[in-house]
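Below: one structure, written as structure tokens.
All chains are named by letter (A, B, ...) in the order of the sequence lines, taking the proteins before the strands, and each is independently numbered beginning at 1. When reading the values below, keep in mind they use all heavy atoms of this one structure, side chains included, and skip hydrogens, waters and symmetry mates.
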Amino acid sequence: MPELPEVEVVRAGVHRWISGRTVADVEVLHPRAIRRHLEGPRDFADRLIGTTVVGASRRGKYLWLPLSTDGEAPETALVGHLGMSGQLLVIASDAPDERHLRVRFRFADDGPELRFVDQRTFGGLAVAELVDDGAGGHVPAPVAHIGRDPLDPAFDEVAFVRTVRSKPSEIKRILLDQTVASGVGNIYADEALWRAKVHGARPGSGLTRGAVTRLLADVREVMSQAIAEGGTSFDALYVNVNGESGYFDRRLAAYGQEGQPCPRCGTPIRRITFMNRSSFFCPRCQPWRPHGRAPQHAAARER
DNA sequence: CATAGATCCTGTATGC
DNA sequence: TGCATACAGGATCTAT
């Protein structure tokens, strides 16, 4: 279940261990893992071998490794999405193959290899062109269609609030729309909505500017905290992203907590099916429609 | 164009 | 014990 925080932890680990290394060999063990690379496994390998990885970047849940040839500025990148069960492992070459090993990368040095392991094969890798991101940087073409994520310094907060309030869709649906803001998945959406005391089924157009602004702040806060907890493994050689960022077990207030007391008010957390997914919320803290609490008059005017 | 639902995958857990 | 079903869920495709 990697969402933005888990992907960021992986990005940092890959940056730490793979930057500066030259690809010597690529082995695709399952074609579905590179289905987004339309030219196929041969071309995939050909476009990687001999290039040098010059960093690791991320937008939302996508991450990519810019590739340089002969010291030139990178024009392509290895793009990855972990899907639901993907892992990128930096591991000694003589370690036994994982059961769901899909792609293996060996390097020109004696260091550890990079492995893409993915049980459910929703994730995938591709080599893609880098294109202008409209702000002096570059993103791979397959990433250009999603919005910046809330932790991006160039994230347009004003536009986000405007967009959310222009949509009649449920707010949770909007949070999960990667073109509005990227990086938020089912878990952190529920956690941010719980923190903001907003029911996920409320229409975006029914929220005040203040409510959307606070919700965005809660999205940022919960993700930042998750990164901080997962980040303790940056120095480990074994970069694991199996959904568990360290945040899962201890800190989740709502997600997966059906029947458990709300940490704020003690009311049992409820689970409903929503968008063909589970949604967890506190029925007292997150009423469907805001009941007459404090900022009622101000909210009415703000509309 | 925007929106909503179906679909892809496989391992685990649960029900009968 | 065995079999069937539900569930996890991000992105993409299709239909409205």
Rounded to whole angstrom units, what separation is found between the [atom1] atom of [X] and the [atom2] atom of [N]?
X: A/L38; N: C/dT12; atom1: CG; atom2: P; value: 12 Å
X: A/Q87; N: C/dG10; atom1: CD; atom2: C1'; value: 16 Å
X: A/M275; N: B/dT3; atom1: CE; atom2: P; value: 12 Å
X: A/E98; N: B/dG11; atom1: CD; atom2: P; value: 15 Å
X: A/L176; N: B/dT3; atom1: CG; atom2: C1'; value: 14 Å
X: A/Y188; N: C/dG10; atom1: OH; atom2: P; value: 11 Å
X: A/E258; N: C/dA6; atom1: CD; atom2: P; value: 17 Å
X: A/L101; N: B/dT10; atom1: CG; atom2: C1'; value: 17 Å

Thinking salt bridges, do A/R202 and A/E170 make one under a 4.0 Å N-O criterion?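 Here A/R202 does not pair with A/E170 in a salt bridge, since their nearest N and O are not under 4.0 Å apart.
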
Lys/Arg N to Asp/Glu carboxylate O, A/E258 vs A/R270, below 4.0 Å: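 So A/E258 does not pair with A/R270 through a salt bridge.
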
Distances for protein N/O vs nucleotides 6-9 of chain B N/O pairs under 3.5 angstrom?
from	atom 1	to	atom 2	distance (Å)
B/dC8	O3'	A/R32	NH1	3.4
B/dC9	OP1	A/R32	NH1	2.8
B/dC9	O5'	A/R32	NE	3.4

By side-chain hydrogen bond (donor to acceptor under 3.5 Å, both in side chains), which residues pair with [X], not counting sequence neighbours?
X: A/E157; value: A/R220
X: A/S224; value: none
X: A/T273; value: none
X: A/S93; value: A/E113

Sub-3.5 Å donor-acceptor pair from the side chain of A/Q178 to the main-chain atoms of A/G183, do we have one?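 Side chain of A/Q178 to backbone of A/G183: a pair is present.
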
Filter on salt bridge (charged side-chain N to carboxylate O under 4.0 Å, His left out), then keep only pairs touching residues 21-33 of chain A, sequence neighbours left out; what's left?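 Every salt bridge (charged side-chain N to carboxylate O under 4.0 Å, His left out) pair that includes a residue of residues 21-33 of chain A, provided the two are not neighbours, is A/R21-A/D109, A/D25-A/R106, A/E27-A/R104, A/E27-A/R106.
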
Using Watson-Crick and G-U wobble pairs with both distances under 3.5 Å, what is the 5'-to-3' dot-bracket string of DNA chain B, with [ ] for crossing pairs and | for pairs outside the strand? .|||||||||||||||

Passing candidate, side chain to side chain contact (heavy atoms under 4.5 Å, CB included) with A/L125, options A/L48, A/D118, A/V103, A/V28: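 It is A/V103, the one option of A/L48, A/D118, A/V103, A/V28 that forms the side chain to side chain contact (heavy atoms under 4.5 Å, CB included) with A/L125.
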
For A/R35, report the nucleic acid contact type (base, sugar-phosphate, nothing); a contact means any heavy atom under 4.0 Å.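 Nothing: the residue A/R35, judged by heavy atoms under 4.0 Å, touches no strand.
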
Pick base, sugar-phosphate or nothing for A/H145, based on heavy-atom distances below 4.0 Å to the nucleic acid.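 Touches sugar-phosphate only.
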
Among residues 57-67 of chain A, which ones have heavy-atom contacts with DNA chain C below 4.0 Å?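 Output list: A/K61, A/Y62.
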
If you compare every side-chain N and O of [X] against the phosphate oxygens of [N] (OP1, OP2), does one of them come in below 4.0 Å?
X: A/R173; N: B/dA4; answer: yes
X: A/S85; N: B/dT10; answer: no
X: A/K167; N: B/dA2; answer: no

Side-chain donor-acceptor pairs of residues 61-80 of chain A under 3.5 Å, sequence neighbours excluded:
from	atom 1	to	atom 2	distance (Å)
A/K61	NZ	A/V184	O	3.1
A/S68	OG	A/E72	N	3.4
A/S68	OG	A/E72	O	2.6

Side chain proximity check, A/D190 to A/K172, heavy atoms < 4.5 angstrom: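 With C-beta onward as the side chain, the pair touches.
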
Shortest non-hydrogen contact from A/Q257 to A/F280?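 Smallest interatomic distance, heavy atoms only, reads N-CD2, 3.9 Å.
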
Side chain of A/H81: nearest nucleotide among B/dT3, C/dT12, C/dA11?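 For the A/H81 side chain, the nearest candidate turns out to be C/dA11.
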
Taking the side chain of A/R271 as its heavy atoms from C-beta onward, which of B/dG11, C/dA11, C/dC7 lies nearest to it?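 Nearest nucleotide to the side chain: C/dC7.
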
Side-chain polar contacts of residues 133-154 of chain A - donor-acceptor pairs under 3.5 angstrom, sequence neighbours left out - could you list them?
from	atom 1	to	atom 2	distance (Å)
A/D133	OD1	A/A135	N	2.8
A/D133	OD1	A/G136	N	3.4
A/D133	OD1	A/G137	N	2.8
A/D133	OD2	A/R148	NH2	3.4
A/H138	NE2	A/D132	OD1	3.3
A/H145	ND1	A/P142	O	3.1
A/R148	NH1	A/D152	OD2	2.8
A/D149	OD1	A/L151	N	3.0
A/D149	OD1	A/D152	N	3.0
A/D149	OD2	A/R58	NH1	3.1
A/D149	OD2	A/G60	N	3.0
A/D152	OD1	A/A154	N	2.8

One pair to check against side-chain contact (heavy atoms from CB on, under 4.5 Å): A/L193 and A/L175. What are the steps and the verdict? CA-CA 10 Å; A/L193 288 164; A/L175 280 179; 4.0 Å; yes

Tell me every residue that passes side chain to side chain contact (heavy atoms under 4.5 Å, CB included) with A/A126, counting only those two or more places apart in sequence or in another chain.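 Checked A/A126 against side chain to side chain contact (heavy atoms under 4.5 Å, CB included); matches are A/R36, A/H37.
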
Filtered N/O pairs between nucleotides 13-16 of chain C and protein, under 3.5 Å:
none

